[in-house]
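So the structure is just underneath, and the comments pick up after that.
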Protein chains: 2
Amino acid sequence: MNLRQLEAFYLVIKRKSFTRAAEELNVTQPAVTIQVKSFEKSLNLKLIQQVGKRMQLTEAGELLYQYAEKIFELVSDANEKMRDFKKLMRGTLQIGATKNYARYIMPSLLSEFQRRYPRIKVILDEGNSEDMAKSVLEKKNELALISQLNLDRKIKSLFFSTVEFVLVASPEHRFSQRKSISLRELNGESVILREKGSGSRAAVLRKFQEYGIWPSVIMEASSLDFIVGYVKQNKGVSFMFEPDIKEELEKGTLKVISLEEGNIIFFTDLIYHSEKSLSPPSEAFLKMVKELKKELVPPLP
Amino acid sequence: MNLRQLEAFYLVIKRKSFTRAAEELNVTQPAVTIQVKSFEKSLNLKLIQQVGKRMQLTEAGELLYQYAEKIFELVSDANEKMRDFKKLMRGTLQIGATKNYARYIMPSLLSEFQRRYPRIKVILDEGNSEDMAKSVLEKKNELALISQLNLDRKIKSLFFSTVEFVLVASPEHRFSQRKSISLRELNGESVILREKGSGSRAAVLRKFQEYGIWPSVIMEASSLDFIVGYVKQNKGVSFMFEPDIKEELEKGTLKVISLEEGNIIFFTDLIYHSEKSLSPPSEAFLKMVKELKKELVPPLP
DNA sequence: GGATTACTATAAGTTTTTTTTATGGTATTA
DNA sequence: TAATACCATAAAAAAAACTTATAGTAATCC
């Protein structure tokens with residue numbers, strides 16, 4: 001069954017006129033006549049009979065028209081839904097972020113996003129930078145906010161902001177007596193790192209490499225709480241995001257150690273798959289982030 | 001929304017393969033690829049994304065697929081119904097007949113028809129020959145079994161059988177004393193005729209004309225019962241179909257008068273509209289009648 | 001781990017389908 | 001009885017769909 005022919009037939013009956021059906025289909029009247037005729041021929045059934053000037057459905061035509069009504073109602077419904085997707089009146093933003101970004105950056109971004117597009121459902125996935133990068137590659141998430149990593153060539157990234165990590169030690173640690181230390185002094189020092197795949201870990205290690213220092217990594221952990229506890233017990237030092245240990249710093253159970261070479265600064269990137277065209281919500285999110293960045297962080301000259 | 005493209009998309013997902021969809025559509029694989037691609041382009045939405053070798057629907061694709069499922073189920077349903085009409089597994093035979101034929105001929109014809117096509121509903125319409133001819137012209141009935149009449153050029157007819165009408169009178173009538181009478185003796189005689197539009201009336205009048213006689217028509221009526229009653233009261237004579245007055249003849253309340261010129265014989269025709277292609281049930285009925293006629297009434301040499 | 005298999009994508013050219021233009025025919029209406 | 005408002009038909013043109021040929025890419029198999 002040729003559905004173009006069915007549509008011609010349907011509109012002829014609905015509008016009770018070949019001419020009006022043609023207008024609605026944006027074709028000329030003979031096109032409609034031909035379509036309906038060849039439809040009848042292909043079905044081997046008469047559908048419409050002329051009684052004088054009036055047209056009348058045969059039994060088969062009557063039944064077919066009822067089907068056509070249902071069919072084209074579904075089609076128009078589907079069309080509308082597709083337009084909704086385009087107009088961001090429907091859909092889901094599936095985005096990933098590291099724990100830190102999910103906590104400190106995403107809330108404001110997503111609330112602005114939901115203000116702009118209240119009909120879009122947001123699913124926020126959490127994991128370390130490497131996992132998130134992988135989820136983008138696997139198209140589980142379309143976007144992810146992660147720390148700078150060596151990324152697969154298939155992933156594109158958009159610089160979003162910088163993050164500073166500070167050196168943290170127990171008040172009992174000898175560094176805590178000092179005003180500031182040099183990175184070099186970390187050589188051989190017991191250091192606690194985040195797990196493999198962490199963007200901050202990568203940034204820290206990069207810094208070490210840059211300065212040619214080799215601290216002794218006594219522990220790797222993915223749990224920030226664990227690392228905090230371990231540093232408190234003076235088992236080693238670590239690098240952290242200050243807001244994460246606000247309470248400990250206030251209570252004095254942890255100390256920030258100034259570094260002569262400056263804190264560890266690394267980049268926050270919004271990443272996405274380079275070969276995949278983004279869904280409208282992701283597209284919109286990306287666009288929004290570019291806008292906000294321009295507003296908040298005016299580019300340096 | 002181009003439904004050919006929708007179908008390609010639908011089958012690709014249903015069969016999880018462009019190649020298999022192509023097979024099902026009886027086209028080559030590139031045709032399907034192109035259709036799906038241009039569908040996405042026309043919607044301005046990605047529907048399918050490739051994840052490695054596996055294909056995966058986008059959100060919009062998912063929703064659209066659900067619509068497509070419903071749509072193509074309806075289409076295939078409709079197709080089946082249309083086939084049913086063709087195969088005489090569905091449909092209606094709308095046929096007309098005069099009262100006499102409805103009583104004496106149609107029962108056997110229709111029971112044979114229903115034996116052959118038990119799924120076809122039959123609607124039998126009744127009226128005099130002229131009304132039935134008109135109903136065929138107006139396409140209210142597709143077929144009708146009527147007595148020979150002067151028919152519109154747009155009506156075709158198939159000779160079916162002959163019917164004999166006899167002259168009937170009251171036993172008190174002077175004709176009842178005679179062995180037989182000549183038609184000429186009806187000149188000036190009180191005669192009761194059927195109403196205008198009746199095929200038997202036309203046949204009777206034709207006979208009168210042929211013999212150049214002018215009986216006095218004292219009454220025209222469409223009700224056979226009335227005419228029977230009237231003749232019984234010896235108010236006039238009439239022409240009737242013998243089986244219709246079987247009881248009266250047995251009881252002796254009516255008498256058949258032999259005519260020297262022979263009884264009035266006229267034709268039963270199955271008529272149908274010449275410009276309208278018949279519906280499958282009517283087609284089948286017509287074909288059946290031709291067959292039966294051949295069996296029952298071998299053509300004379 | 002390179003070859004094989006089993007797909008999908010792309011490009012160019014062809015075929016088929018659909019549409020238009022032009023015109024004829026036919027009821028209904030003024 | 002002409003005018004009007006339709007629908008039907010034929011031929012030509014335009015558009016859409018399809019095919020052939022071939023390239024590209026994962027997954028799979030020795």
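Atom CD1 of A:Ile34 is separated from atom P of D:dA11 by 12 Å (rounded to the nearest Å). Counting to the nearest Å, the P atom of D:dA17 and the CG atom of B:Leu3 are 11 Å from each other. Here the C1' atom of nucleotide D:dA8 and the NZ atom of A:Lys41 are 14 Å apart, to the nearest Å. The CZ atom of A:Arg4 sits 9 Å away from the P atom of D:dA17 (whole-angstrom rounding). One can place CG of A:Leu6 at 13 Å from P of C:dT18, the figure rounded to the nearest angstrom. A straight line from CZ of A:Phe39 to P of C:dT17 spans 16 Å, rounded to a whole angstrom. Residue A:Gln56 contributes atom CD, which lies 18 Å from atom C1' of D:dC6 at whole-angstrom precision. Between B:Met55 atom CE and C:dA6 atom P the separation is 16 Å, expressed in whole Å.
Under the 30°/60° scheme for interplanar angles, the aromatic rings of B:Phe9 and B:Phe39 are found to be tilted.
A sub-4.0 Å separation between OP1 or OP2 of C:dC7 and a side-chain N or O of B:Ser17 is absent. At D:dC6, none of the side-chain N or O atoms of A:Gln29 fall inside 4.0 Å of OP1 or OP2 (strictly under the cut-off). Within the structure, every side-chain polar atom (N or O) of A:Asn26 is placed at least 4.0 Å from both OP1 and OP2 of C:dT19. The phosphate of C:dT20 has OP1 or OP2 within less than 4.0 Å of a side-chain N or O from A:Thr28. Close to C:dT19, at under 4.0 Å from its OP1 or OP2, lies a side-chain N or O of A:Gln35. Taking 4.0 angstrom as the limit, B:Arg54 places none of its side-chain polar atoms (N or O) nearer than this to OP1 or OP2 of D:dA27. For A:Thr19, no side-chain nitrogen or oxygen approaches OP1 or OP2 of D:dC6 to under 4.0 Å.
One finds the NZ atom of B:Lys14 at 11.0 Å from the NZ atom of B:Lys16 (value rounded to the nearest 0.5 Å). The distance from atom NZ of B:Lys156 to atom CD1 of B:Ile271, rounded to the nearest 0.5 Å, is 13.5 Å.
Ion pairing between B:Glu23 and B:Arg15 fails under the 4.0 Å rule for side-chain N and carboxylate O. Electrostatic pairing of B:Glu59 and A:Lys121 does not count as a salt bridge here, judged by no charged N lying under 4.0 Å from a carboxylate O.
The side chain of A:Ala31 lies closest to C:dT19, out of D:dT19, C:dC7, C:dT19. Comparing atom distances between the B:Thr33 side chain and each of C:dT19, D:dT19, C:dT8 picks out C:dT8 as nearest. Set against C:dA11, D:dC7, C:dT21, the side chain of B:Pro30 has C:dA11 as its closest nucleotide. The side chain of A:Gln50 lies closest to D:dC7, out of D:dC7, C:dT10, C:dT18. Across C:dA9, C:dT18, D:dT9, the shortest atom-to-atom separation from the side chain of A:Lys37 is found for D:dT9.
For A:Asn2 and B:Phe18, each mapped to the nucleotide of DNA chain C holding its nearest heavy atom, the one lying further toward the 5' end belongs to B:Phe18.
Panel note: side chain A:Lys293, backbone A:Phe159; a donor-acceptor pair is recorded below 3.5 Å.
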